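Both counts, for ligands and for their atoms, begin at 1 and track the order of listing. Bear in mind that the values here come from a model prediction, so they are computed numbers and not experimental data. Quick note: residue numbers are just sequence positions, from 1.
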Amino acid sequence: MIDPQYRKDDGHQEIISLEGNKIKGIKSISQIDPKHFWSNCAKNLTWFKEWEQVLDWNPPFARWFLGGKLNAAYNCLDRHLISEKKNHAAIIWEGEDGQSVTITYNQLFYRVNKLANALKRLGIKKGDRITIYLPMIPELVISMLACARIGAIHSVIFSGFSSQSIIDRVNDAESRIIITADGGYRRGKIVQLKKIVDEAVKQTSTVEKVIVVKRTHEDIDINEKDIWFEDLVNKESNYCVSEWMESNDPLFILYTSGTTGKPKGVVHGSGGYLTHLFNSAKWVFNFVPTDVFFCTADIGWVTGHSYVVYAPLMHGVTEIIYEGAPDYPDQGQYWNIIEKHGATILYTTPTALRSYMRYGNDIPNSYDLSSLRLLGTVGEPINPEVWMWYFNTIGKNNCPIIDTWWQTETGGIMISMCTGIENIQMKPGSGTFSLPGIELEIVDDHGKKVEANKKGYLTVKEPWPGMLLSLWNNKERYEKTYWEKTRNSYFAGDFAYVDNDGYYWILGRADDILKVAGHRLGTIELESAFISHPSVAEAAVTSKKDEIKGETIIAFLVLRKGAELSSQLDIEVNEHIKNTVGPIASAEKIYFVNKLPKTRSGKIMRRLLRSIVNNETIGDITTLEDEASIEEITHELQEINKHL
Ligand code: WTA
């Protein structure tokens, strides 16, 4: 059934009449004339100047709404000030300690403006890069929107990453400013964010100022470049004019793991990205003004950028932002927050759900979850048992489940049931269908479409508005990573298949990227971190299936000549990983071996290691250089398993 709103608001009436009664849904409308379709979708945003051209497709570079001028912060804030939303809650922030703060759209507007003025006073101009390294506190949203308001490009770094990750990202983006906090809370403990930034700043040459938010109020070192956030914004006025950004000017860089040691700076613009977000949120979540949306993602990852910051604020809904971990202060924290604030939509990860399921039903059953109307998942495949548990125990058989597939690179949701368009039969574990305007295909190694039920690579055939503009400073890597393998279509890096009913099933990554508790990490990036330990000469990282986290990290290390194998070495090496990459990257198990399995051309055979650690059959090893390494690793694992 088509939502009648679409015909009126989005101008789809015109296209429907082209084909008379034959066209049933907006999906077919989007296929007949995608440019017209997306330009109607773009009209849901506020533009200062309309675009001259809907799409310039110069493969593999897509530029949407060329010549159009808009501002992302204006679309999230100013446009609500002339409606009844002005004094509605934009953010309900829940601290780890149970403290709640509500910020209205009007208040958020002023706070963003003040910081925008302060950044300008520090000499920041359109196109300058600002790194944001903050915990999940309102200042994180305020900082992103302040950058967007003045046209500065934000680069948010997840606050669970350590100093080396900051150094790499700040240097690649050549950021002029870092916005951080004295510290953050994690399960009641203080994470000394400022100290981590101080270490990083020593190894960067572009940072002029470090703006520090007071969160933990601890004593910290104050250096020459440091300024307190509060002192900076207090003297500024409440209004800062929005910069008119061309639709394809970069809005942000978000670094994500790839298949090399260096993270990729994914670049998104405003016009296409925000069009994709506004409309995907409308179709998938079917936002209504009374919604209280709870997306549990950390803003440091793309889900937080798209569906904590930009999409819900553009829609003017109320959203909950939670500072802490799902199991802190106790194992019912999400359910407590839902009851306390009357959340209507929960959008979370399979990892969080798997943990909650393990804690038992009594905990969620002791909370009033009746405000919920819709449940969502993102970031990893969800196993059917967990899906059923979510549906029965949390949704009480009343809430549809949307399993949304997408990526940092796609900007917004690509596959999901769209409750704002039609209700279809759900299949636990399948994301169902692609969104309107998104043309997918499953192909083989030669780029040829595979039949139903056959595994292949998931690709996107046509450009879509949320598509990344490029990789920061690295066009060649952009072309090579996403467009070389499957020719003429975007290579997502996931295996998938379509069943007889046309439903999509995602089967996991086809490359060397891991998803540990939903966090995206590159094996090669982790291996470089292991090798930076003085005792380690070579490293191979793979993953083992895990009941809670989906996957966990397993490392095989070869020691340097002369390095001594002590009983404490694995702990020491893991500490090193936590300090260089971050606690999320610590290995579940480290094995010290004499040789790594490599191909004759010297490539580590990680897939083979994965088969061994997961007790799966080892496939073709004809390209293996030295079969002895496999024997050694298998033997090693058997020995270890004997002692478990
Ligand atoms: C995986 C997260 C199965 C997939 C938004 C993808 C999923 C990668 C799903 C992107 C899902 C995301 N079912 N797998 N519903 N959603 N993935 O960039 O492997 O952090 O390529 O973006 O997560 O991870 P990223």
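Proximity to Ile506 (heavy-atom distance under 4.0 Å) selects the following atoms of ligand 1: 3 (C), 14 (N). The ligand atoms of ligand 1 that sit less than 4.0 angstrom from a heavy atom of Val378 are 5 (C). Every atom of ligand 1 with a heavy atom of Thr303 under 4.0 Å away is listed here by number and element: 5 (C).
Checked against a 6.0 Å centroid threshold, the rings of His315 and Phe285 do not count as neighbours. Aromatic rings from Tyr328 and Tyr185 are positioned such that their centres are separated by 6.0 Å or more. Aromatic ring centroids of Tyr457 and Phe491 lie under 6.0 Å apart.
For the ligand labelled ligand 1, residue Gly431 lies outside the 4.0 Å heavy-atom shell. Put simply, part of Pro381 is less than 4.0 Å from ligand 1, judged by heavy atoms.
Side-chain contact between Ser280 and Tyr307 is present, with heavy atoms from C-beta onward closer than 4.5 Å. Contact annotation: the side chain of Arg477 approaches that of Lys262 to within less than 4.5 Å [non-hydrogen atoms, C-beta and beyond]. Using a 4.5 Å cut-off on side-chain heavy atoms (C-beta onward), Met467 and His268 make no contact.
Note: an N/O pair closer than 3.5 Å links Glu380 and ligand 1 by distance alone. At least one N or O atom of Thr408 sits closer than 3.5 Å to an N or O atom of ligand 1. At a 3.5 angstrom cut-off on N or O pairs, Thr404 counts as close to ligand 1. Considering backbone and side-chain N/O of Trp301, none are found under 3.5 Å from N/O of ligand 1. The distance criterion of under 3.5 Å between nitrogen or oxygen atoms is met by Asp403 with respect to ligand 1. At under 3.5 Å, a nitrogen or oxygen of Gly379, whether backbone or side chain, sits near a nitrogen or oxygen of ligand 1.
Considering OH of Tyr504 and OG1 of Thr432, their distance stands at 10.5 Å, rounded to 0.5 Å. Between atom CD of residue Glu527 and atom CZ of residue Arg606 there is a gap of 4.0 Å, rounded to the nearest 0.5 Å.
Looking at atom 24 (O) of ligand 1, its nearest protein heavy atom turns out to be Lys515 NZ, 2.8 Å. With respect to atom 10 (C) of ligand 1, the closest heavy atom belonging to the protein is Trp406 O, 3.6 Å. Distance from atom 4 (C) of ligand 1 to its nearest protein heavy atom, with residue and atom name: Asp494 OD2, 3.1 Å.
Residue-level proximity to ligand 1 for Gln407 is carried by backbone and side chain together, each with a heavy atom below 4.0 angstrom.
Checking Val386, Ile382, Thr349, Asp546 one by one against Arg354, the side chain to side chain contact (heavy atoms under 4.5 Å, CB included) holds for a single residue, Val386.
Figure legend: Arg169 and Phe161 shown as a cation-pi pair, the cationic atom lying under 6.0 angstrom from the six-membered ring centre and within 45 degrees of its axis.
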